Amino acid sequence: MNILNILDEIEKVDGEIYERLSPRRSAMKDFFNVGKKISMAALPLALGSMFQKAYGQTNPSTVNDVLNFALALEYLEYNYYNHALTNSTITFPTSASNAAITTIRAHERAHVDLLKSALQITGADGYVDADFDFTAGGAFGDVFSNYQTFLKVALAFEDTGVRAYKGQAPILKGNAVLTTALQIHSVEARHASHIRQMVAASLGVALKPWISYAANGNDTGISAVDAVYAGEQNTVQAGIEINGLGGASQTQAAESFDEFLTGAAVKTIANQFIKTGKKLA
Amino acid sequence: MKNNELETKSELQDERLLNSTVGRRSFLQYAGASAAAIALVAAGCKKDRGYENPTMDGATLDFKTDIGVLNYAYALEQLEAAFYIKVASAPPSAFTAAQKAYFQDVQFHEIAHREFFKKALSTAAIGSLEVDFSSIDFTSASGVLAAAQSFEDLGVAAYNGAGVRITTTDYLVLAGKIVSVEARHAAWVRDQISNGTFADLNSLTALGANNSAGLDGALTPDKVLAIAGKYVKTKINVINL
């Protein structure tokens with residue numbers, strides 16, 4: 001796929017395409033220069049936001065807002081795993097546990113790079129390790145020396161990530177960006193599933209790979225992360241009661257649908273781990 | 001017939017484009033019509049041209065509206081539910097107690113998804129699909145796990161690929177609520193087969209995944225149905241894709 005060819009094709013039927021995309025042709029040349037550097041995978045993201053601006057279906061700033069929000073969360077996750085793997089005294093019990101965290105770190109880094117590319121951010125990362133307080137003000141004081149504490153915070157991050165992307169989907173509705181966001185969303189869900197199994201194995205608890213029923217939504221038994229699971233106890237979808245449907249128990253009904261979090265709720269959770277001055281507004 | 005009319009319309013638009021008389025702003029409309037024309041081929045409209053049997057048999061997924069997308073999801077959930085019901089009713093003897101319990105859970109999740117779509121679609125729902133699991137050895141733990149992995153990974157790619165077609169916000173959110181549960185299933189099943197493969201994106205490139213970008217699978221409905229087809233006896237017609 002060649003973005004220049006695509007734009008040329010569109011120009012044949014829409015002579016004003018360049019003016020729609022940017023008031024100045026020179027600006028489009030700048031975009032081309034960036035476009036050549038954008039990775040293939042990021043193209044749908046970049047094109048999606050560009051055409052949305054050009055044809056003005058919805059508020060042009062919204063898609064970029066979502067991408068920037070997602071990028072901040074990916075910075076949080078990437079730096080967390082990177083810190084654990086490179087600058088901690090955590091003892092990973094098995095090579096498999098270390099390998100799993102390494103795999104997850106690689107995906108989070110890939111997400112950071114993809115979103116930076118889509119947003120045409122070519123410079124340094126917007127957030128670095130020093131911008132975060134992964135102890136959340138001391139609530140998880142031994143997060144980088146105690147493997148179990150490390151897993152608990154990882155669990156909260158992954159389940160939050162899944163809920164965060166889900167909550168932004170309506171803003172991306174009908175946009176090519178949505179597909180890419182969904183592709184990140186389900187990778188986060190795969191991570192969450194595996195981290196849950198790691199927590200179950202390490203803590204010796206019956207935590208399932210999927211979010212099970214609890215009266216307050218939090219099935220992890222870690223009360224410090226209640227906000228991450230708020231509403232997960234829901235069993236009514238689009239007005240249809242799932243509890244009892246096809247023989248599903250209340251537990252299975254809650255498990256069968258994940259719930260979303262609003263951007264505001266996600267920011268509150270994320271800001272517990274972000275230092276003053278860099279908190280999400 | 002509907003299909004022929006649509007095709008004729010597409011051909012007319014083709015001609016207009018060739019003659020360069022198409023309005024500038026019609027480009028995107030043209031692109032849509034072109035996609036529909038491709039879908040008509042996929043829908044196997046040759047059969048309809050025989051004029052012998054004017055009504056399509058089997059189930060028809062009309063992707064013109066959200067109803068078609070929901071029926072598509074309903075079809076896939078029917079397939080998954082049928083598979084897990086069969087596994088849960090007589091699990092492979094080599095399954096551990098934990099595996100039996102979780103397959104029981106997954107069975108009820110998939111049944112819940114199936115019944116949810118059936119209720120939500122009401123009279124617009126397609127009928128029950130007849131499945132064909134003759135290629136799966138239900139007595140073999142590895143056979144069942146491999147099939148479960150295929151269904152779950154495909155399910156994730158299907159929802160990821162269909163999301164952009166959904167125009168109703170509530171339905172889009174619901175699809176999102178389901179797909180992450182399918183991804184949790186997929187990761188768990190994969191770890192049962194080989195621990196640590198929960199998100200082995202390199203193994204999912206055929207489903208549209210991209211490991212270097214950290215992206216899961218995403219496939220268009222025609223591709224998903226082509227893969228799922230071997231498990232479905234009922235003819236599935238696709239129109240307006």
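Fair warning: this is a prediction, and the values are worked out from it, not measured in the lab. Quick note on labels: first sequence line is chain A, next is B, and so on, each numbered from 1.
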remark   = Note: B:G163 and A:L182 closest approach over all heavy atoms is CA-CD1, 4.0 Å
remark   = Between A:D258 and B:K177, the two heavy atoms sitting closest are O-CG, 2.8 Å
ask   = Can you tell which of A:Q183, A:H107, A:R190 makes a side-chain hydrogen bond (donor to acceptor under 3.5 Å, both in side chains) with B:D216?
value = A:R190
ask   = With a 4.5 angstrom heavy-atom cut-off, which part of B:I85 approaches chain A: side chain, backbone, both or neither?
value = neither
ask   = So which heavy atom on A:L245 is nearest to which on B:F116, and how close?
value = CD2-N, 3.7 Å
query = Around B:K64, counting heavy atoms of other residues, nucleotides and ligands shown, do more than 12 lie under 6.0 Å from its NZ?
reply = no
message = Going by side chain to side chain donor-acceptor pair (under 3.5 Å), name the pairs with one or both residues in residues 192-208 of chain B, residues two or more places apart or in two chains.
response = B:Q99-B:Q192, B:R190-B:S203
key: Residue among A:K208, A:Q237, A:E259, A:H194 with most heavy-atom pairs under 4.5 Å to chain B   = A:H194
task = Please name all residues satisfying salt bridge (charged side-chain N to carboxylate O under 4.0 Å, His left out) with B:K118, sequence neighbours left out, ordered by chain then number.
result = none
ask   = How about A:Q252 and B:H109: does a side-chain donor come under 3.5 Å of a side-chain acceptor?
value = no
inquiry  = Rounded to the nearest 0.5 Å, what separates atom CG in B:D105 from atom OG in A:S249?
reply    = 7.5 Å
Portion of A:I211 that has a non-hydrogen atom of chain B nearer than 4.5 angstrom = both
Note, B:T167 side chain near A:K173 side chain (heavy atom, < 4.5 Å) = no
inquiry  = Sort by residue number and list every residue of residues 66-81 of chain B having at least one heavy atom under 4.5 Å from chain A.
reply    = none
query = Would you say the side-chain atoms of B:N160 and A:T179 include a donor-acceptor pair closer than 3.5 Å?
reply = no
request  = Answer yes or no: are there more than 12 heavy-atom neighbours, outside B:Y231 itself, under 6.0 Å from its atom OH?
outcome  = yes
query = Do you know which two heavy atoms are closest between A:A189 and B:A183, and how far apart they sit?
reply = CB-CB, 3.6 Å
inquiry  = Hydrogens and angles aside, do A:K166 and B:S180 bring a side-chain donor and acceptor to less than 3.5 Å of each other?
reply    = yes
remark   = Applying a strict 4.5 Å limit to non-hydrogen atoms, the region of B:V164 in contact with chain A is both
ask   = Excluding sequence neighbours, so at least two apart, what forms side chain to side chain donor-acceptor pair (under 3.5 Å) with A:Q197?
value = B:D191
key: A:A169 portion near chain B, given a 4.5 angstrom heavy-atom threshold   = both
message = Can you tell me which portion of A:V187 sits under 4.5 Å from chain B's heavy atoms? Options are side chain, backbone, both or neither.
response = both
key: Centroid-centroid under 6.0 Å between A:F257 and B:H113 rings   = yes
message = I want to check something: taking the side chain as every heavy atom from C-beta on, are A:L172 and B:L172 in contact at a cut-off of under 4.5 Å?
response = no
query = So do A:H185 and B:V179 actually touch side chain to side chain, heavy atoms under 4.5 Å?
reply = yes
remark   = Nearest heavy-atom contact between B:F108 and A:G246 is CE2-O, 3.6 Å
ask   = Considering all heavy atoms of both residues, which atom of A:H191 and which atom of B:A199 are nearest to each other, and what is their separation?
value = CD2-CB, 4.3 Å
remark   = Okay, A:N243 and chain B: the region with an atom under 4.5 Å from a heavy atom over there is neither
key: Partner chain A: residue of B:I166, B:N211, B:D153, B:D170 with the largest heavy-atom pair count (under 4.5 Å)   = B:D153
ask   = If you round to the nearest 0.5 Å, how far is NZ of B:K119 from CD1 of A:I242?
value = 8.5 Å
request  = Below 4.5 Å from any heavy atom of chain A, which atoms of B:Y159 appear? Answer side chain, backbone, both or neither.
outcome  = backbone
key: Within 6.0 angstrom of A:F260 CZ, more than 12 heavy atoms from elsewhere   = no
message = Just so I understand: if I count every heavy-atom pair under 4.5 Å between each of B:G214, B:A209, B:A218 and chain A, which residue has the most?
response = B:G214
note = dist B:H185:NE2 -> A:S256:OG (nearest 0.5 Å) comes out at 8.0 Å
ask   = With only heavy atoms counted, which part of A:R196 is less than 4.5 Å from chain B, the side chain, the backbone, both or neither?
value = side chain
